[in-house]
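Data first, discussion second: the structure below is written as structure tokens.
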Amino acid sequence: MLDPHLFRSDLEFVQAQLKRRAIDFDADFYTDLENRRKAVQVKTQELQNERNSRSKSIGQAKAKGEDVQPLLDQVQGLGEQLKAAEAELADIQLQMKSLMEGLPNILDASVPAGNDEDDNVEISRWGELPEFSFEVKDHVDLGALHKGMDFEVAAKITSARFVALKGNIARLQRAIIQFMLDTHGDEHGYSETYVPYIVNADSLYGTGQLPKFSDDLFKVSTDPDLYLIPTAEVPVTNIVRNEIVDNAEMPVKMVCHTPCFRSEAGAYGKDVRGLIRQHQFEKVELVQVVKASESEQAHEELTNHAENILKKLKLPYRKVLLCSGDTGFSSTKTYDLEVWLPGQDKYREISSCSNFKDFQARRLKARWRNPETGKPELVHTINGSGLAAGRTLVAIMENYQTAEGDIVVPDVLQSYMGGKKLISIKMGI
RNA sequence: GGAGAGGUGGCUGAGUGGCCGAAAGCGGCGGUCUUGAAAACCGUUGAGGGUUUAUCCCCUCCCAGGGUUCGAAUCCCUGCCUCUCCGCCA
């Protein structure tokens with residue numbers, strides 16, 4: 001949610017900023033609504049004031065034993081007027097709310113203009129692309145070779161876009177997750193967090209998935225409305241919903257591994273092969289809750305923390321700054337980390353790190369208390385994948401494959417694999 | 001699943017129709033005292049919103065949503081949550 005005060009103080013700025021998102025904001029419609037809001041709100045509050053003061057004098061007269069009937073006659077009809085005014089105000093506020101909550105965040109000044117992912121700007125590249133003296137296999141073929149990745153059986157159990165992992169491949173994914181959690185906890189200062197995988201509508205509203213993006217979610221219950229989490233961002237960020245965080249607790253840095261569930265509506269026919277786009281996948285998420293003055297630096301740091309995982313795994317990657325057309329609804333600025341996949345001969349997204357500034361915090365009513373003023377201020381929220389575990393598994397399998405189809409275990413994962421240096425086909429399941 | 005009790009400010013806890021945004025205590029902040037600290041004493045201390053250049057003033061909020069009433073923390077209805085006991089259970 002954008003700051004309503006910004007609309008009142010500088011509507012042209014808002015309009016120009018939304019234009020960067022290709023949104024043609026109807027300023028006249030807004031101004032009309034806002035004028036009515038102001039008039040009706042003032043009137044409603046005046047009526048409330050009148051009711052309060054008259055009721056008070058009735059009470060006082062009664063206490064003195066006076067006849068209150070004349071006073072009661074005076075308030076005749078006031079209730080009806082008030083009720084009508086309150087209803088009108090509620091209606092206007094509802095319209096205002098639905099207008100406001102449909103608007104995306106304002107982009108950071110550094111975000112380049114563009115329509116889609118083709119216009120994203122590469123910031124940096126890291127690592128040497130592996131060279132193979134044999135024909136590379138992709139993770140699907142490698143997984144089949146190891147009998148460790150079974151899409152057919154998952155389709156039998158559930159449906160398309162699910163996978164069953166077995167043996168060392170399943171263990172490798174677990175090793176990846178453990179390694180990420182430990183690294184972020186021990187080296188990057190994040191507090192390990194465990195949260196529910198099912199969330200209510202308020203939580204999804206708080207982080208911005210609802211009301212606009214309900215199609216992307218799996219709904220598991222009606223009354224109450226409950227959904228499977230599309231990312232740990234939702235439950236973890238909602239920890240601070242309706243809270244005023246003490247200054248001593250700031251910044252709040254949390255790392256959390258969860259499965260993620262996405263309906264992938266609108267993605268039919270896209271990435272149908274393999275593990276890249278699944279209804280269920282594992283991810284380690286980084287979330288930071290910070291002071292406004294520190295959010296830009298924290299965003300850079302959080303992105304570095306995600307990059308550090310790729311570096312430790314020695315996976316070549318590039319860092320891109322998303323253009324205006326590709327930046328998510330709630331984000332002001334997003335870096336994507338794209339890992340090199342030899343099986344696809346291209347870079348694929350493995351992490352997305354966003355600074356939401358106060359956009360989520362305003363919806364969440366998430367604040368911290370500034371000791372200098374003693375007053376609560378909205379926090380800034382930042383999150384990023386650190387990393388998507390399923391795609392990391394893909395990247396390791398493809399980058400570390402041998403001519404025989406074996407998979408070399410990256411150094412940093414060996415201790416998590418019982419000391420194994422190689423996952424050999426001969427070892428079987 | 002069955003039975004019961006309860007949800008009030010940062011915390012404990014009083015408040016069953018008006019004098020209550022709310023006693024008291026604790027905590028926090030400021031001050032007096034002190035070489036400093038503690039203790040004691042004094043003062044202060046919820047959140048959101050509207051109007052306004054600003055002060056002022058006003059509105060809303062006692063789990064949530066409805067209702068009764070001139071007037072609701074207080075009465076009624078619905079929902080949610082917590083606790084206790086029994087049953088079941090990883």
Side-chain angles (χ1 to χ4, degrees), chain A residues 1-10 30-31 33-97 99-101 194-206 210 220-227 235 238-250 252 292 358-379:
Chain A
M1 188 89 80
L2 293 169
D3 184 0
H5 294 106
L6 191 59
F7 284 72
R8 293 179 213 167
S9 64
D10 198 347
Y30 166 82
T31 306
L33 196 58
E34 166 61 13
N35 288 340
R36 280 167 56 213
R37 188 227 100 223
K38 191 188 272 190
V40 175
Q41 183 161 353
V42 168
K43 182 179 146 207
T44 304
Q45 292 187 355
E46 278 170 359
L47 286 168
Q48 285 171 331
N49 184 17
E50 191 178 344
R51 176 204 58 196
N52 291 344
S53 53
R54 285 189 186 273
S55 293
K56 196 170 259 184
S57 55
I58 289 172
Q60 285 164 352
K62 217 171 188 176
K64 287 184 212 155
E66 294 168 5
D67 178 18
V68 296
Q69 193 53 49
L71 291 171
L72 285 175
D73 291 342
Q74 280 177 23
V75 296
Q76 191 78 31
L78 185 62
E80 292 304 314
Q81 273 186 66
L82 181 57
K83 214 166 232 174
E86 281 174 341
E88 193 183 355
L89 181 61
D91 179 60
I92 291 170
Q93 280 173 335
L94 193 67
Q95 286 183 55
M96 193 66 106
K97 184 165 173 264
L99 175 71
M100 297 294 281
E101 69 192 9
Y194 174 82
V195 289
Y197 301 161
I198 295 175
V199 292
N200 59 34
D202 285 346
S203 292
L204 286 158
Y205 178 84
L210 288 180
V220 292
S221 160
T222 304
D223 191 28
D225 289 338
L226 296 174
Y227 305 80
N238 271 276
I239 287 172
V240 295
R241 171 153 58 93
N242 289 326
E243 298 288 338
I244 301 173
V245 182
D246 195 84
N247 182 44
E249 308 289 322
M250 299 287 284
V252 182
D358 62 10
F359 189 84
Q360 290 182 329
R362 187 168 290 107
R363 289 171 163 238
L364 291 161
K365 297 187 174 64
R367 294 154 291 168
W368 69 289
R369 192 176 298 280
N370 186 342
E372 285 177 22
T373 60
K375 291 292 168 191
E377 296 175 12
L378 290 174
V379 298

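For the numbers below, each heavy atom of this structure counts, side chains included, while hydrogens, waters and symmetry mates do not. A note on names: the letters A, B, ... follow the listed sequences, proteins ahead of strands, and every chain is numbered from 1. Being a predicted model, the structure only gives us computed values, none of them experimental.
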* Under a 4.0 Å heavy-atom cut-off, which of residues 50-62 of chain A touch RNA chain B? -> Arg51(A), Asn52(A), Ser55(A), Ile58(A), Gly59(A), Lys62(A)
Just distance, no hydrogens or angles: give the donor-acceptor pairs under 3.5 Å from side chains in residues 40-47 of chain A, sequence neighbours left out.
residue, atom, partner, partner atom, Å
Gln41(A), OE1, Arg37(A), NE, 3.0
Thr44(A), OG1, Val40(A), O, 2.6
Thr44(A), OG1, Ala85(A), O, 3.4

* **C1' gap between C26(B) and G9(B), integer Å** => 13 Å
* Structure fact -> Of Val75(A) and Arg367(A), the one whose closest nucleotide on RNA chain B sits nearer the 5' end is Arg367(A)
* Taking atom C1' in both C33(B) and C42(B), what distance in whole Å separates the two? -> 11 Å
* Asked: What distance, rounded to whole Å, do you find between the two C1' atoms, one in C11(B) and one in U16(B)?
  -> 25 Å
* To do: Take atom C1' in U74(B) and the same atom in C63(B), then report the distance between them in whole Å.
  => 16 Å
* Pro224(A) near the nucleic acid: base, sugar-phosphate alone, or nothing, with a heavy-atom cut-off under 4.0 Å? -> nothing
* Asked: Across the strands shown, which category fits Arg37(A) at heavy-atom distances under 4.0 angstrom: base, sugar-phosphate, nothing?
  -> sugar-phosphate
* Nearest-angstrom distance, C1' atom, A14(B) to U52(B) -> 39 Å
* **By side chain to side chain donor-acceptor pair (under 3.5 Å) - contacts of Asp202(A) (at least two apart)** => none
* **G-U wobble or Watson-Crick pairing nucleotide for G21(B) (cut-off 3.5 Å, both distances)** => none
* Under 3.5 Å, is there a donor-acceptor pair between the side chain of Asn238(A) and the main chain of Ser203(A)? -> yes
* **Greater than 12 external heavy atoms within 6.0 Å of Gln69(A)'s CD** => yes
* Asked: Are Arg8(A) and Glu34(A) ion-paired here, with the side-chain N under 4.0 Å from a carboxylate O?
  -> yes
* Asked: Between Lys97(A) and Tyr205(A), is NZ or CZ placed under 6.0 angstrom from the six-membered ring centre and within 45° of the ring axis?
  -> yes
* To do: Hunt down the Watson-Crick or G-U wobble partner of U68(B), both distances under 3.5 Å, from any strand shown, or write none.
  => none
* Asked: Does Arg367(A) use its side chain to pair, donor to acceptor, with the backbone of Ile244(A) at less than 3.5 Å?
  -> no
* **Base-pairing mate for G87(B) - Watson-Crick or G-U, with both contacts under 3.5 Å** => none
* Asked: Is U44(B) paired to anything, Watson-Crick or G-U wobble with both distances less than 3.5 Å, and if yes, which nucleotide?
  -> G28(B)
* salt bridge (Lys or Arg N to Asp or Glu O under 4.0 Å) against Arg54(A), all qualifying residues, sequence neighbours excluded -> Glu50(A)
* Asked: Which nucleotide, in any strand shown, forms a Watson-Crick or G-U wobble pair with A39(B), with both distances under 3.5 Å?
  -> none
* To do: Tell me, please, the opening and closing nucleotides of RNA chain B, 5' to 3', among those with an atom under 4.0 angstrom from a non-hydrogen atom of chain A.
  => G18(B) to G71(B)
* Between atom CG of Asp3(A) and atom CG of Asp358(A), what is the distance when rounded to the nearest 0.5 Å? -> 6.5 Å
* **U60(B) and C19(B), which share atom name P, separated by this distance in whole Å** => 13 Å
* Whom does A5(B) pair with, Watson-Crick or G-U wobble, provided both distances fall under 3.5 Å? -> U82(B)
* To do: Using both distances under 3.5 Å as the test, list the Watson-Crick or G-U wobble partner of U16(B), or none.
  => none
* Which whole number of Å gives the distance between the P atom of C76(B) and that of U68(B)? -> 15 Å
* Asked: In a check of side chain to side chain contact (heavy atoms under 4.5 Å, CB included) between Val252(A) and each of Val379(A), Ile239(A), Val245(A), which one passes?
  -> Val245(A)
* Structure fact -> Judged by nearest nucleotide, the residue sitting upstream toward the 5' end of RNA chain B, Gln48(A) or Glu377(A), is Glu377(A)
* Asked: Taking atom types as modelled, is there a side-chain donor on Ser55(A) or Asn52(A) under 3.5 Å from an acceptor on the other?
  -> no
* Neighbours of RNA chain B within residues 195-203 of chain A, by heavy-atom distance under 4.0 Å -> none
* A22(B) and A5(B): how far apart are their P atoms, nearest whole angstrom? -> 32 Å
* From CZ (Phe359(A)) to CG (Leu364(A)), nearest 0.5 Å -> 11.0 Å
* Return yes if some donor-acceptor pair links the side-chain N/O of Arg362(A) with the main-chain N/O of Met1(A) below 3.5 Å, else return no. => yes
